[in-house]
Chemist: 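Here it is: the structure, laid out below.
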Amino acid sequence: MKVLIVGGGGREHAIAASVAKSSRVEQIYCAPGNAGIGKIAECVPIGAMEFEKLAAFAKENAVDFTIIGMDDPLAGGIVDVFEREGLRVFGPRKNAAILEGSKAFSKDLMKKYGIPTARYETFDDPKDALAYLETAKMPIVLKADGLALGKGVLICRTLAEAKDGVKEIMEDKKFGSAGNHMVVEEFMTGREVSVLSFVDGKTIQILSSAQDHKRAKDGDEGLNTGGMGTFSPSPFYTKEVDAFCRAHIYQKTVDAMAAEGREYKGVIFFGLMLTEEGPKVLEYNARFGDPEAQVVLPRMKNDIIDVMEACVDGTLDKIKLEFEDNAAVCVVLASDGYPLSYEKGLAIKGEEQFEGKDGYYCFHAGTALAADGTVVTNGGRVLGVTAKGADLKEARKNAYAATEWISFANKYMRHDIGKAIDEA
Ligand code: AMP
Ligand code: GLY
């Protein structure tokens, strides 16, 4: 069968690597893809938001199945366009992708159906938000309502910071139209866990847990990023936590979406915080995490196409998800200066050292092919180096050893990815 993947980051590279393992797949296309994905798929120069062109490509090339990796096209309704054209596609429709696309929607859903989350208020007028903040407890969290590349969240320690935040989000529109509405949320503390799931409208199946490291610098210092590294499984995601989430969060979310007439098919990513009062939902995403996919998918034993087709066909109850009894760690190699400004176009050396090494992966995120065919840096997050190990300690050792195989002039990484597991 022929498969098209929409997206071009590290997550899509991990998806492509899983798809490439399927014995059912003979050809993979990726739009737009990147230099690493180009080694296992044919990259197609169509942007992820060019829905009509992508659907036309799928038809002309007799693509049997399309996988949407990214949030923006999902929120924009790419699945609806593909379905209208009679194409088989994996991901939530527009009316369900709102689970990630609007924080106000997801918070109201959780309140209505009793799904544990931080207490909150929503505002569409900055004056009301400012008045509310005067009496609110600090620290407090401000969230722009819409998609903001994972950056629309401000954690404010003082009233002055919170007032500045309202101005940035609602008046200066720092995150664009995402700031027309704003959620103001209680600040929670605890360990964060990322839980990915497959959903077919009714049934939900949970993947092995993971944890992301969002801050740029060691010790969780520095600015928020798209993610500097991950590990899977999370030792903090205990049997008790799992049982609680199964009883109060996962199935309830799927059922709530169905009850709202927004049948959900695809991936739901639960961003959880393990608070003293129990696990609570920080956020939902309508896609695999990046770089969570880079540690979870390599450990999945199932044929990913079988699972994704079951989501589309509503037969996920017939599938049993299985994971290797091991661990994986992903260390992101970034351009020094990320997430602010950084140089691009620098030659990347050493990737050939991954060839033929089982359990080691070099996922491309921000890379490009230069005119002379060399692979060069082309983004803030450049590569995700993943390694497996018998346990998290061994996986971490292996991943950091593999980061040494790669060189580029402004290579930057955190040195404490997975270090928290020492406290587990
Ligand atoms: P989000 O995009 O909603 O996941 O937020 C990004 C990050 O901000 C989360 O991963 C948390 O680290 C932090 N965050 C979001 N909401 C809260 C909250 N209510 N309390 C504490 N931290 C939060
Ligand atoms: N790594 C967090 C995310 O994908 O949103």
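Just so we're clear, the structure is a prediction, and the values are computed from it rather than from any experiment. All ligand and atom numbering here is 1-based and tracks the order in the structure.
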Chemist: Out of Glu192, Arg119, Glu100, Lys214, indicate the one that has the non-hydrogen atom closest to atom 12 (O) of ligand 1.
Modeler: Glu192

Chemist: Mark up the atoms of ligand 1 that fall under 4.0 Å of a heavy atom belonging to Phe187, in ascending order.
Modeler: 20 (N), 21 (C)

Chemist: Within ligand 2, which atoms have a heavy atom of Gly226 less than 4.0 Å away?
Modeler: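 That gives atoms 1 (N) of ligand 2.
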
Chemist: Checking contacts here: is it the side chain or the backbone of Glu186 that comes within 4.0 Å of ligand 1, counting heavy atoms only? Could be both or neither.
Modeler: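 Near ligand 1, Glu186 shows its backbone, while the atoms from C-beta on stay back.
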
Chemist: Could you go through the salt bridge (charged side-chain N to carboxylate O under 4.0 Å, His left out) check for Glu171 and Lys127 one step at a time?
Modeler: CA-CA 10 Å; Glu171 290 172 2; Lys127 277 199 231 69; over 6 Å; no

Chemist: Does Phe270 form a ring pair (Phe, Tyr, Trp, His ring centres under 6.0 Å) with Tyr284? I'd like the steps, not just the answer.
Modeler: CA-CA 5 Å; Phe270 298 84; Tyr284 292 115; 5.7 Å; yes

Chemist: Under 3.5 Å, N or O to N or O, is Asn224 touching ligand 1 that way?
Modeler: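 Asn224 vs ligand 1: no N/O contact under 3.5 Å.
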
Chemist: With respect to Met188, determine whether any N or O atom, backbone or side chain, lies less than 3.5 Å from an N or O atom of ligand 1.
Modeler: yes

Chemist: Would you mind running through ligand 1 and noting each atom that sits below 4.0 Å from a heavy atom of Lys103?
Modeler: 2 (O), 3 (O)

Chemist: Identify, by atom number and element, the atoms of ligand 2 in contact range of Asp212, meaning under 4.0 Å from any of its heavy atoms.
Modeler: 1 (N), 2 (C)

Chemist: If only atom types and distance count, is the side chain of Ser232 paired as donor or acceptor with the main-chain N or O of Ala328 below 3.5 Å?
Modeler: no

Chemist: List the steps and the verdict of salt bridge (charged side-chain N to carboxylate O under 4.0 Å, His left out) for Lys103 and Glu185.
Modeler: CA-CA 11 Å; Lys103 293 199 192 285; Glu185 188 173 282; over 6 Å; no

Chemist: For Glu292, take its heavy atoms, then give the atoms of ligand 2 lying under 4.0 Å from any of them.
Modeler: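 Reading through ligand 2 atom by atom, the close ones are 1 (N), 2 (C), 4 (O).
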
Chemist: Closer than 3.5 angstrom, by distance alone: can the side chain of Lys388 be matched with the main-chain N or O of Arg299 as a donor-acceptor pair?
Modeler: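 No; zero donor-acceptor contacts below 3.5 Å.
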
Chemist: What are the atoms of ligand 1, with element, lying closer than 4.0 Å to any heavy atom of Glu185?
Modeler: 16 (N), 17 (C), 18 (C), 19 (N)

Chemist: Relative to atom 5 (O) of ligand 1, which among Val153, Asp212, Leu154 owns the nearest non-hydrogen atom?
Modeler: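 When every heavy atom of Val153, Asp212, Leu154 is considered, Val153 comes closest to atom 5 (O) of ligand 1.
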
Chemist: Looking only at atom types and distance, does a side-chain atom of Asn34 sit under 3.5 Å from a main-chain N or O of Gly8, one as donor and one as acceptor?
Modeler: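 Answer holds: yes.
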
Chemist: How would you list, by chain and number, every residue that makes a side chain to side chain contact (heavy atoms under 4.5 Å, CB included) with Arg215, sequence neighbours excluded?
Modeler: Asp220, Asn224, Arg414

Chemist: Measure Ile155 to ligand 1 on non-hydrogen atoms and call it side chain, backbone, both or neither using the 4.0 Å cut-off.
Modeler: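 It is the side chain that touches ligand 1; the backbone stays farther off.
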
Chemist: Could you list the atoms of ligand 2 found under 4.0 angstrom from a heavy atom of Gly289?
Modeler: 4 (O)

Chemist: Counting only heavy atoms, which portion of Asn285 has something under 4.0 Å from ligand 2: side chain, backbone, both, or neither?
Modeler: side chain

Chemist: Just checking Tyr338 against Tyr412, ring centres under 6.0 Å apart?
Modeler: no

Chemist: Within a distance under 4.0 Å of any heavy atom of Arg287, pick out the atoms of ligand 2 and give their elements.
Modeler: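 Ligand 2 atoms under the 4.0 Å threshold to Arg287: 3 (C), 4 (O), 5 (O).
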
Chemist: Are Lys107 and Thr117 close enough that a side-chain donor and a side-chain acceptor fall under 3.5 Å?
Modeler: yes

Chemist: Go through ligand 1 atom by atom and flag the ones less than 4.0 Å from a non-hydrogen atom of Lys143.
Modeler: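 This gives 3 (O), 15 (C), 16 (N) as the contact atoms.
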
Chemist: Heavy atoms only: give me the nearest Arg396-Lys419 pair and the separation to one decimal.
Modeler: NH1-CA, 3.5 Å

